[in-house]
Amino acid sequence: MNMPKISGVNHLQAIKALGKAGFRIVRQGRKHVVMSDGVRYLTIPRHNPVNGYTLAGIVRDAGLSVDEFLKLL
């Protein structure tokens, strides 16, 4: 597996960026925030920073490229 081009990001920044991509918060727990665009569901851990590998997986699951996500930050 190659290194993601994404470094750790604050979970609130990640949530805001995914919101710009059309995802809305569905559920919030003490440890995770679940977001959905109506088709896909994403689980964002509530810890800072969110690990780069974890974030790269979330971005991939959202159907975005890392570059697209970085532009939304």
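Below, each value reflects all heavy atoms present in this structure, side chains not excepted, and no hydrogens, waters or symmetry copies.
- Here His32 contributes atom NE2 and His11 contributes atom NE2; the two are 11.0 Å apart, rounded to the nearest 0.5 Å.
- Contact of the Pro45 side chain with the Asn51 side chain is not registered, since no non-hydrogen atoms from C-beta on lie closer than 4.5 Å.
- The same ILVMFWY cluster, assembled from side-chain heavy atoms under 4.5 Å apart, contains both Ile6 and Leu73.
- A donor-acceptor pair under 3.5 Å is absent between the side-chain atoms of Arg24 and the main chain of Met35, judged by distance alone.
- Here the closest heavy-atom approach between residue Ser36 and residue Val26 is recorded as CB-CG2, 3.4 Å.
- The hydrophobic clustering, which links ILVMFWY residues whose side-chain heavy atoms are closer than 4.5 Å, places Leu12 and Leu42 apart.
- When all heavy atoms are compared, the tightest approach of Ile15 to Ile44 is CG1-CG2, 4.3 Å.
- Leu72 and Ala17 get closest at one heavy-atom pair: CD1-O, 3.6 Å.
- Other residues, nucleotides and ligands place more than 12 heavy atoms under 6.0 Å from the NZ atom of Lys20.
- To the nearest 0.5 Å, atoms CG (Leu64) and CZ (Arg40) are separated by 7.5 Å.
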Apply side-chain contact (heavy atoms from CB on, under 4.5 Å) to Phe69 and Leu18, showing your working. CA-CA 8 Å; Phe69 179 75; Leu18 290 165; 4.2 Å; yes
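- Looking at Arg46, its side chain does come within 3.5 Å of a backbone N or O of Gly29 through a donor-acceptor pair.
- Scanning both residues, Asp37 and Phe23, for their nearest heavy atoms gives N-CD2, 3.5 Å.
- The shortest side-chain heavy-atom distance between Val50 and Val9 does not fall under the 4.5 Å cut-off.
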